[in-house]
A.B. asks: 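Handing you a structure now.
Since the structure is predicted, the reported quantities are computational estimates derived from the model, not experimental observations. So you know, we letter chains A, B, ... as the sequences are listed, proteins then strands, and number each from 1.
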Amino acid sequence: MSKAETIIELRGIKKVYQMGGHALEALSGVSLEIGRGEFVSVMGPSGSGKSTLMNIIGCLDTPTSGEYYLEGKNVAGLTFDQLSSIRNQKLGFVFQNFNLLTYATAWENVEVPLLFNGKNARRRRQRITELLEAVGLLDWKEHRPSELSGGEQQRIALARALANDPPILLADEPTGNLDSKSGEDIMGLLGGLWKEGRTIVMVTHDDRIAAHSERTIRLFDGQVA
Amino acid sequence: MIAIFFRNLARDLVRQPLRTILTLSGVVWGTFSVVLLIALGESVGASQKKSFHGMGAGIVLLFPSRTTLPYQGFKSGKPVRITPEQAEDLMEKVPGIETLSPEFVWSRRIRYGKQEFMNTVRGVNPSFERIRNTIPAKGRFINPMDMAERRRVCFIGDVLATDLFGRDDPIGKQVLIEGLPFTVVGVMAKKEQNSNYNGQRDENCAFIPWTTFAALYGAKYVSNIILRPLDSGRSAAVTQDVKGHFSKLAGFDPKDPDAIFVWDTLEFEKQFSVFFAAFNVFLGAIGALTLLVGGVGVASIMMVVVEERTREIGIKLAVGARRRTILVQFFSETLMIMIIGGAVGFALAAGVIKLIQGIPSEEFAEFFGEPRLSALVVASTGLILLAIGAVSGYIPARNAASTNPIEALRK
C-alpha cells in the first residue's frame, strides 16, 4: 500500500446531536487518513457512527468539532452551499437504495450533476454517452428507474456519481439491495474505477464485500476501533 | 438550461393533471375577478363623469335665494334679486371668469300643429352653448343678433324636437310658445346628462334669448347664473368674489352663506373623483382578496408538492445543488402557475369584456360605459398577481430549500 498523498484527513472529529435535552455523541473524536487512490471500507455495528462519518466525509453534514482536510483544504467550517460545489465536483455518491429521480430517464438522472456544474448541452451529451457506455446501459437511456432492475439502477447511479469525474467515490452499502450477481457486477465496476486511480470509501457490513478493499476501518461507539 | 427548466416544469405540472387544474382554477378565477372588477369600476366611473359633464364641464351655478342673516335693517328672509344685466356685467367687474350666462327658467306651453307640451323654456345668452354643451345637431344656437334684436327664435332639445315634429325637419318651422310664434333655428345634438337643475333636462327644453324672454314675459330677475372660471382650480375664490360683488348690489351680508346658493360642479367633481378612486380601490381589494384565496390554494398545494418531493430535493442537494437553486426551482414553479392561471384569467375576462361591449342596450352603456383592458387594469392586475405569487411561492420554496438532505435520502 503506497500512501504517496493523503486525500482525506480527519482530526478529532466529533459529532454531537442534541436530542430532547440530552446530548448524543455519534462520533467522539475520530481521526483517520485516507490516501489518494486507496480503497477503504468502513465497518461497524449499527449505531457505531458509520453513517454519520460518511455524511461528514461526504460533506452532507458538518462536524461539531474537529478538522476535515479534503485534498489538503480544511472544509469543516464551510457552509452548506459552499460544500455544494465540493459534493458536485470532488465527491461521487452511491447509495444503498440508488436514490435515482423516479420520474426522470436514465439519461436525465446522469445529467443532474452536470447541470449543477454548468456544463453546456454539447459537453453534457458527450459525457452522458460516455458514462452510460461505461456502465453498459446506453441502450437503456430512455428508460425510467422503474423499468430497470436493481443492478441496472445502481449502475445508472454509479454513472451519475462519476458525472463530474470526481477523485473520490463514496459508496454506502452499494450492494445492500442487490442480488449477489448484480452485487458482484457493481463491485467489479468499483474495482475498475479504483484501478483507474480513484479513491473509494465504502460502508458495508458484509465481510465478503469488504474483502474487495485494501483496508478496513472499524468503528465502534463513535470511535475507530 | 432554460429549456430543461421548462421541460421539467411542464412535466411537474402534467404529472398530476387534476391537481394542476384545480390549483390553476383558483388563480384563473381570481385574476378574472380582479380584471373584471377593475375594468368595470373604471368604465362606470368614466361614464358617470362623462354623463355629469353633459350638464357642462367645470362650471359653477349660482342661485339667488333669500338672505339668512339680517342686513342693513332688513330682517333675514329678504329675497336676493339679480338682473340679467347685472349678471352679464360680472365679466367686467369680477376677474377670472371665462364666460357666463344668466338664465330665466319657466314652464311654458309649446305647440306645433296638434302637438302641445308643457316644457321648460330657458332664457339664456349665446355663451350658454359652450358652458352647457348644448351643441347643435342641426342649425345653430342663439346668436348675438338674436339677443340684440330680441328675436323670437328658439333652439330646441332633441327629444322635444322629436315629440313636436316627429321625423320632419324642425329648422325654420314656427312653434307657438304660450301662443306666440317662435322660429326654430337649431336642434340640440343628443347628449348624456345625469345631473340637472331647475326644470327638465336639456333634451326637453326650448332655449330662447333672455332679452326676448324678459320682453315677452316681463321677467326681471334671473333664476340662476352659470359661469365657467378661467382657472378651474380657482373656482372657489371666483365664486367668493362674485358673491362679494352681488352683496353690494342686492344688499345682503357678504358673510351670508345662503343668500346665493352655489353649486360648484368643480368641487363636486373633485369629491366625485375621490369617491370613484376609492370605489375602484375597493373593487380592486375585493378582487385581490379573491386572488389571494387562489394564491393560498397554490401555496398549500406547493407545500404538499415539496413534501412529496423531499427525496428528489435530497438527491439534488447531495449531487451538488445549492439551496438557492432549489429555492429558485420551486419559486419559479409557483410563479409559472400564477402566470399561466393569470393569462387564462385575463383571456376569459377579455372575452367577457368583448361580450359586454357587444351588448346593444343603451341604458347599459350609459351606466357601465365601455369597459376595456386599459393600462390601469393590466398593470394593477399584474401587480396583484405578482405580489400574491411572490408570497405564495416563497414560503413553500423556502421550505424546499431548507430540506435536510440526510433525512431526505433516508426516506
Side-chain angles (χ1 to χ4, degrees), chain A residues 15 17 26 51-56 58-62 79-105 107-121 124 144-145 157 159-164 166 170 172-173, chain B residues 1-20 301-302 304-333 336-337 394 397-411:
Chain A
K15 182 69 188 181
Y17 292 107
S51 302
T52 307
L53 181 67
M54 282 301 269
N55 288 335
I56 287 172
C59 293
L60 283 166
D61 206 350
T62 46
T79 65
F80 187 86
D81 275 5
Q82 286 169 322
L83 292 172
S84 287
S85 61
I86 293 175
R87 289 196 301 278
N88 185 242
Q89 288 152 47
K90 301 286 181 203
L91 303 166
F93 292 88
V94 179
F95 304 93
Q96 178 175 3
N97 57 0
F98 326 132
N99 276 329
L100 295 171
L101 300 177
T102 51
Y103 58 84
T105 62
W107 179 279
E108 287 163 348
N109 267 291
V110 179
E111 192 171 32
V112 175
L114 294 167
L115 285 171
F116 293 138
N117 197 16
K119 291 270 187 281
N120 68 31
R124 289 203 303 270
R144 286 169 209 282
R160 179 181 65 188
L162 294 169
N164 288 316
L170 301 174
D172 189 354
E173 301 273 13
Chain B
M1 211 61 165
I2 290 168
I4 287 180
F5 168 74
F6 279 105
R7 186 193 64 196
N8 288 344
L9 180 69
R11 189 157 53 192
D12 290 342
L13 295 180
V14 169
R15 224 187 298 170
Q16 298 256 16
L18 182 66
R19 185 156 82 186
T20 301
I301 291 287
M302 286 308 289
V304 174
V305 169
V306 168
E307 186 64 35
E308 281 177 0
R309 285 161 61 180
T310 304
R311 230 172 105 92
E312 171 196 332
I313 297 164
I315 293 168
K316 287 185 171 174
L317 288 171
V319 302
R322 285 161 197 274
R323 295 207 184 277
R324 205 180 335 128
T325 314
I326 302 292
L327 185 95
V328 168
Q329 179 196 337
F330 282 91
F331 186 70
S332 39
E333 209 160 293
M336 278 311 287
I337 292 176
Y394 180 73
R398 196 196 51 193
N399 270 17
S402 61
T403 300
N404 179 346
I406 299 164
E407 281 169 20
L409 291 174
R410 217 174 276 152
K411 284 194 176 178

A.B. asks: I'd like to know if A:E111 pairs up with B:K316 as an ion pair, taking the criterion as any Lys NZ or Arg NE/NH1/NH2 lying under 4.0 Å from an Asp or Glu carboxylate oxygen.
C.D. replies: no
A.B. asks: Given the options A:N117, A:N120, A:L60, A:L83, which has more heavy-atom pairs under 4.5 Å with chain B than any of the others?
C.D. replies: A:L60
A.B. asks: At a 4.5 Å cut-off on heavy atoms, which part of A:E108 comes close to chain B: side chain, backbone, both, or neither?
C.D. replies: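 Contact with chain B: side chain only.
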A.B. asks: Using a cut-off of under 4.5 Å for heavy-atom pairs, which of A:N164, A:V112, A:D61 has the most such pairs with chain B?
C.D. replies: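 So the answer, after comparing A:N164, A:V112, A:D61, is A:D61.
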A.B. asks: Do A:S85 and B:R322 make a side-chain contact, defined as non-hydrogen atoms from C-beta onward lying under 4.5 Å apart?
C.D. replies: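 Yes - at least one pair of side-chain heavy atoms lies under 4.5 Å apart.
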A.B. asks: What residue in A:A104, A:C59, A:S51, A:P113 has the most heavy-atom pairs under 4.5 Å with chain B?
C.D. replies: A:P113
A.B. asks: Check whether any side-chain heavy atom of B:L409 sits under 4.5 Å from a side-chain heavy atom of B:R311, and report yes or no.
C.D. replies: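 Contact flag for B:L409/B:R311 side chains = no.
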A.B. asks: Check side-chain hydrogen bond (donor to acceptor under 3.5 Å, both in side chains) between A:R160 and all other residues, then give those that pass, not counting sequence neighbours.
C.D. replies: none
A.B. asks: Do we get B:R323 above A:F80's six-membered ring, with its NZ or CZ under 6.0 Å from the centre and within 45° of the axis?
C.D. replies: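 Geometry flag: set, cation within 6.0 Å and 45°.
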A.B. asks: Taking every non-hydrogen pair under 4.5 Å, which of A:Q96, A:Q89, A:R87 racks up the most with chain B?
C.D. replies: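 Among A:Q96, A:Q89, A:R87, the one with the most close pairs to chain B is A:R87.
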A.B. asks: For A:D172, enumerate each residue passing the salt bridge (Lys or Arg N to Asp or Glu O under 4.0 Å) test, keeping only those at least two apart in sequence or located in another chain.
C.D. replies: none
A.B. asks: Give, as side chain, backbone, both or neither, the part of A:L91 having an atom under 4.5 angstrom from any heavy atom of chain B.
C.D. replies: neither
A.B. asks: Sort A:N55 into side chain, backbone, both or neither according to what part of it lies under 4.5 angstrom from a heavy atom of chain B.
C.D. replies: side chain
